Amino acid sequence: MRYEFKKIEPKWQAKWEESKIFEAKDNSDKPKFYGLVEFPYPSGAGMHVGHIKAYSSLEVISRKRRMEGYNVLFPIGFDAFGLPTENYAVKTGTHPRIITDENIKKFSNQLKRVGFSFDWSRVIDTTDEDYYKWTQWIFLKMFENGLVFRDRTLVNYCPHCKVVLSNEDSQGGKCDICHSDVVQKSKDVWYLRITQYADKLLEGLNDVDYPENVKQQQINWIGKSKGAFVNFTIDGIDEKLRIYTTRPDTLFGVTFMVIAPEHPIIDKYADRISNMDAITAYRTECAKKTEFERTQLVKDKTGVQIQGLEAVNPVNGKKIPIYIADYVMMGYGTGAIMAVPAHDQRDYDFAKKFGIDIIEVIKGGDIAKEAYTGDGEMVNSGFLNGYTNKHDSIERMLEELEKQGIGEAGVQYKMKDWAFNRQRYWGEPIPLVHCPNCGVVAVPYEELPLRLPDVKDFEPGEDGQSPLAKIDSFVNCTCPKCGAAAKRETDTMPQWAGSSWYFLRYIDPHNENAIADMDKMKYWMPVDWYNGGMEHVTRHMIYSRFWHHFLYDLGIVNTPEPYAKRSIQGLILGPDGDKMSKSKGNVVDPLDIVEEYGADTLRTYVLFMGDYGAATPWNDSSVKGCKKFLDRVAGLTDIVSDAPVSSELEMKIHRTIKKVSSDIEGLKFNTAIASLMTLINDITAEGHLTKEDLIIFIKLLSPFAPHLCEEIWESLGGEGFVTVSPWPEFDESKTVAKTTEIGVQVNGKVRGTIVIPTGCEKEEAFAIAKADERIASFLEGKNLVKEIYVPNKIVNFVAK
RNA sequence: GCAGGAGUGGCGGAAUUGGCAGACGCGCAGGCUUCAGGUGCCUGUGGUCGCAAGAUCGUGUGGGUUCAAGUCCCAUCUCCUGCACCA
């Protein structure tokens with residue numbers, strides 16, 4: 001047979017669709033497997049080879065599971081709200097709905113052409129009102145349960161996109177969407193109280209199978225730290241300055257305090273501060289800086305002492321100066337710190353610059369040179385003197401603080417509450433109403449979905465207002481509670497909302513009464529295996545785990561954790577080894593590859609190219625190598641004969657079944673394909689194979705190259721589809737050879753190889769080795785000191 | 001700075017977890033097929049020395065443990081990814 005991909009690919013894609021073999025069954029006695037891939041944002045550019053790699057791992061595993069007899073749910077959908085579509089709408093005047101529909105159509109066709117075995121009967125689109133109705137519904141549940149609040153604070157704001165960004169979306173001080181510098185702006189913001197779930201999100205990690213680095217990244221992101229809150233009094237005023245510290249045991253070493261430039265105490269006591277001009281100037285200076293600039297100037301400390309306010313160290317009564325400095329952030333802890341210059345490098349640098357005392361309280365370093373952050377004996381510390389263990393001294397200090405009522409143990413998280421609104425059109429409307437009498441009121445559940453109004457102008461307002469604010473018919477409404485004239489919230493939800501629960505909707509995509517039917521969730525949840533990119537580990541995964549924990553607490557879902565197992569695919573780099581990007585012109589279009597070499601070749605290549613988790617450059621020549629491999633597979637049909645193959649080849653077939661089966665489970669697709677290549681080399685050397693042997697071969701290959709394998713299956717008279725035929729089994733006894741070739745070392749150097757009966761005793765192995773002429777020549781005239789034999793591995797003689 | 005990961009031929013990458021380093025693919029060289037190019041097939045392919053048999057070196061670098069180290073330990077360099085004045 002010849003590998004005529006242009007003919008066979010459309011043929012089998014049509015047959016698969018017609019036979020519905022990829023549709024998951026809701027009522028099944030079979031064990032279930034729920035494989036999930038991160039659904040795409042349907043951009044106008046269409047699919048990228050990165051999408052192919054991202055979906056191929058669970059594509060192969062899902063196909064293998066079907067052959068193993070599982071009822072498989074392998075769905076796909078579109079995360080279609082978002083800025084690129086809206087920006088394109090602003091530019092072209094086309095409605096985002098039309099653009100989205102076009103892009104989804106384009107993506108679907110492309111995915112189908114690659115032959116992915118998605119269940120197309122369960123496609124979801126986050127911008128579909130039947131879908132976002134439930135996104136709004138979950139939001140209202142959170143509102144009802146006190147997890148939604150509004151606050152006027154400094155937010156990360158992108159002046160280019162004109163939206164408020166969460167911390168997650170402004171990493172490194174750059175807007176995640178347009179990469180402009182993010183500025184700080186005072187705004188009213190809706191927050192989701194994700195911090196209330198910080199501990200559950202941490203503890204939940206113990207129960208899931210995520211790669212270690214993924215867990216670690218989430219742990220760092222949540223950033224839990226244990227320490228203490230301590231209240232410092234301000235001299236002469238009845239006012240406490242509250243700080244957070246992880247080292248309360250160094251309290252005797254505090255020689256000054258620092259507060260963030262935005263700290264409210266400054267305005268409160270402005271009349272007592274004698275250098276308000278200098279302070280105001282410094283604050284203005286800081287406000288101008290972006291957070292990025294502020295955190296970049298790590299080396300040089302700046303600040304201004306507050307003249308007129310002095311704090312009192314609560315453990316020794318000493319009066320200490322208070323400074324404002326931008327190295328203290330309002331957003332973490334209490335926005336104020338106690339400074340211990342002897343044992344904190346930042347405080348040390350500041351003290352050196354401003355000539356403040358440095359008092360050593362932990363022995364072991366040289367505080368004339370730098371801060372000492374290690375352990376050691378406590379000194380100059382009153383009742384703590386003589387303590388040598390950090391844990392003990394902290395405990396002792398906490399005890400004292402609580403006894404005297406000046407502080408208590410506490411925890412802090414780096415993770416902040418989730419800024420949950422955008423001033424944009426193309427997102428889920430936030431279902432809240434502002435009533436002059438009742439305040440903020442929820443839209444009643446029965447009025448959901450709260451639909452996006454049809455508008456012509458998608459341009460956001462210059463004052464940072466949503467385009468929805470310009471639509472009077474949308475804004476003006478009556479209060480659901482008191483009936484008074486009221487105004488709708490005009491902000492929309494951020495991009496991450498719709499993807500925070502989408503895996504639940506696949507289970508029951510058309511349910512009109514609930515996000516999904518409980519019995520169906522009990523069958524399908526949790527997601528057995530979720531594959532995606534590293535970039536979603538801290539945002540999407542944390543957000544969706546938060547929503548899921550919340551829904552679990554309400555009894556709406558049946559598992560606390562949504563994803564039992566997570567894997568990560570590595571990037572595909574351009575042929576030049578750089579990240580693919582339009583500007584570099586090194587982008588590979590997957591459809592070009594499908595056109596020229598076929599979908600099976602593309603699928604095989606993206607998994608063969610290297611370690612699945614590693615970033616690997618694209619190589620056009622290697623693609624051809626995979627095409628050549630499939631050509632040779634097609635050619636196997638020409639050498640089928642009735643004559644049984646040698647026992648040697650039979651063993652290799654059994655070994656290959658074993659290896660491909662286990663490699664797929666470990667995401668080692670490259671070696672699984674390599675072993676099939678090795679086997680075809682062995683078959684070619686043998687010159688023939690039986691029909692049964694060929695069936696085994698195409699079954700093993702079918703998850704990777706399903707179109708070709710179906711064609712061969714059909715030509716061999718197979719019933720139905722190879723895709724749903726049983727996965728081959730191997731006979732362990734047949735994977736073992738009668739004889740094994742092993743290396744023989746003399747003094748640790750390989751001097752030859754011998755053939756031994758597999759699993760033989762050491763005496764026999766030594767005898768065979770010594771009988772070997774070459775080995776004997778190396779042993780001649782020497783004393784055998786030691787003989788080592790590792791069964792079926794190696795013989796080593798130590799001779800002097 | 002902190003956390004995680006990686007350094008193996010000309011290239012992508014293997015190595016049953018301490019047991020013959022370089023599987024498989026690409027590339028390259030030679031040969032066959034071909035008027036020719038391409039395709040296809042066969043052979044070879046880590047470095048150095050050697051006609052060869054073979055010897056010798058070899059997994060970022062330096063040390064160590066071991067009969068035996070890509071793999072374990074100590075030190076060190078480089079690169080990637082994330083976080084970062086987090087108190």
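Chain A is the first sequence line, chain B the second, and so forth, proteins listed ahead of strands; every chain is numbered from 1. Being a predicted model, the structure only gives us computed values, none of them experimental.
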According to salt bridge (Lys or Arg N to Asp or Glu O under 4.0 Å), who are the partners of [X], at least two apart in sequence or on a separate chain?
X: A/Glu665; result: A/Lys64, A/Arg65
X: A/Arg655; result: none
X: A/Asp347; result: none

All pairs passing side chain to side chain donor-acceptor pair (under 3.5 Å) where residues 624-637 of chain A contributes a residue, at least two apart:
A/Lys627-A/Asp631, A/Arg632-A/Asn681, A/Arg632-A/Thr684
Does any nucleotide pair with [N] by Watson-Crick or G-U wobble geometry, both distances under 3.5 Å, and what is it?
N: B/rA23; result: none
N: B/rA15; result: none
N: B/rG62; result: B/rC74
N: B/rC28; result: B/rG44
N: B/rG4; result: B/rC80
N: B/rG54; result: B/rC49
N: B/rA68; result: none

How does each nucleotide of nucleotides 16-21 of chain B score, in 5' to 3' order, for protein heavy atoms under 4.0 Å: base (B), sugar-phosphate only (S), or none (-)?
---BBS
Spacing between [X] atom [atom1] and [N] atom [atom2], to the nearest angstrom:
X: A/Lys624; N: B/rC28; atom1: NZ; atom2: P; value: 10 Å
X: A/Met534; N: B/rC80; atom1: CE; atom2: P; value: 17 Å
X: A/Glu370; N: B/rC85; atom1: CD; atom2: P; value: 21 Å

What distance, rounded to whole Å, do you find between the two [atom1] atoms, one in [N] and one in [M]?
N: B/rC79; M: B/rC28; atom1: P; result: 32 Å
N: B/rA21; M: B/rU71; atom1: C1'; result: 11 Å
N: B/rG82; M: B/rU45; atom1: P; result: 42 Å
N: B/rG63; M: B/rG58; atom1: P; result: 11 Å
N: B/rU8; M: B/rA52; atom1: P; result: 30 Å
N: B/rC2; M: B/rC85; atom1: P; result: 15 Å
N: B/rC49; M: B/rG60; atom1: C1'; result: 26 Å
N: B/rA23; M: B/rG31; atom1: P; result: 25 Å

Heavy-atom check, side chain of A/Tyr605 versus side chain of A/Asn619, under 4.5 Å
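The answer is yes; the side chains approach within 4.5 Å.
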Listing time: all N or O pairs from protein to nucleotides 10-12 of chain B that are below 3.5 Å?
residue : atom : partner  : partner atom : Å
B/rG12  : O2'  : A/Met609 : O            : 2.5

All N/O contacts under 3.5 Å from nucleotides 40-45 of chain B to the protein, with atom names and distances to one decimal?
none

In residues 222-230 of chain A, what donor-acceptor pairs under 3.5 Å come from side-chain atoms, sequence neighbours left out?
residue  : atom : partner  : partner atom : Å
A/Lys224 : NZ   : A/Asp199 : OD1          : 2.6
A/Ser225 : OG   : A/Tyr244 : OH           : 2.7
A/Ser225 : OG   : A/Tyr332 : OH           : 3.4

Counting only side-chain nitrogens and oxygens, does A/Tyr244 get under 4.0 Å of the OP1 or OP2 atom of B/rA87?
no
A/Asn213 vs B/rG82: side-chain N/O to OP1/OP2 distance below 4.0 Å
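Answer is no, no contact under 4.0 Å.
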What does A/Asp611 touch in the nucleic acid at a heavy-atom separation under 4.0 angstrom: a base, only the sugar-phosphate, or nothing?
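A/Asp611: backbone/sugar contact only, no base atoms under 4.0 Å.
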So A/Gly223, base contact, sugar-phosphate only, or nothing? Heavy-atom distance under 4.0 Å.
nothing
Can you list the steps and then say if A/Met609 with A/Leu607 is a side-chain contact (heavy atoms from CB on, under 4.5 Å)?
CA-CA 6 Å; A/Met609 65 193 295; A/Leu607 293 180; over 6 Å; no
Taking salt bridge (Lys or Arg N to Asp or Glu O under 4.0 Å) as the cut-off, I'd like each qualifying pair that reaches into residues 750-768 of chain A, sequence neighbours left out, listed once.
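Checked against salt bridge (Lys or Arg N to Asp or Glu O under 4.0 Å) - neighbours excluded - no pair reaches residues 750-768 of chain A.
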Dump every N/O contact between nucleotides 54-56 of chain B and the protein below 3.5 Å, one line per pair.
residue : atom : partner  : partner atom : Å
B/rU56  : OP2  : A/Arg751 : NH1          : 3.1

Can you name the ring-ring contact (aromatic ring centres under 6.0 Å, His included) partners of A/Tyr597, sequence neighbours left out?
none
For A/Lys738, does the NZ atom sit with more than 12 other heavy atoms under 6.0 Å from it, leaving out its own atoms?
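No, not enclosed.
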[X] side chain, from C-beta outward: closest of [options]:
X: A/Tyr327; options: B/rC85, B/rC24, B/rC26; answer: B/rC85
X: A/Ser621; options: B/rC24, B/rG27, B/rA87; answer: B/rG27
X: A/Arg346; options: B/rC24, B/rA87, B/rA14; answer: B/rA87
X: A/Ile337; options: B/rG13, B/rA87, B/rG82; answer: B/rA87
X: A/Ala674; options: B/rA87, B/rG25, B/rA23; answer: B/rA23

Establish, for the pair A/Lys565 and A/Tyr210, whether the NZ or CZ atom is under 6.0 angstrom from the six-membered ring centre and no further than 45 degrees off its axis.
no
Heavy-atom pair of closest approach, residues A/Tyr612 and A/Ser57:
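In terms of heavy atoms, the two residues are closest at OH-OG, 2.8 Å.
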If you pin A/Ala336 and A/Lys579 to their nearest nucleotides in RNA chain B, which one's is more 5'?
A/Lys579
Mind running side-chain contact (heavy atoms from CB on, under 4.5 Å) on A/Phe704 and A/Asp600 for me, showing each step along the way?
CA-CA 7 Å; A/Phe704 303 97; A/Asp600 284 338; over 6 Å; no
Do A/Tyr327 and A/Phe350 have ring centroids that are under 6.0 Å from one another?
yes
Listing request: all ring-ring contact (aromatic ring centres under 6.0 Å, His included) pairs with a residue in residues 757-800 of chain A, at least two apart in sequence or in separate chains.
A/Phe766-A/Phe797
Classified by glycosidic angle (syn within 90° of 0, else anti), B/rG82 comes out anti
Any side-chain donor-acceptor pair under 3.5 Å between A/Asp349 and A/Gln345?
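Judged by distance alone, the side chains do pair up.
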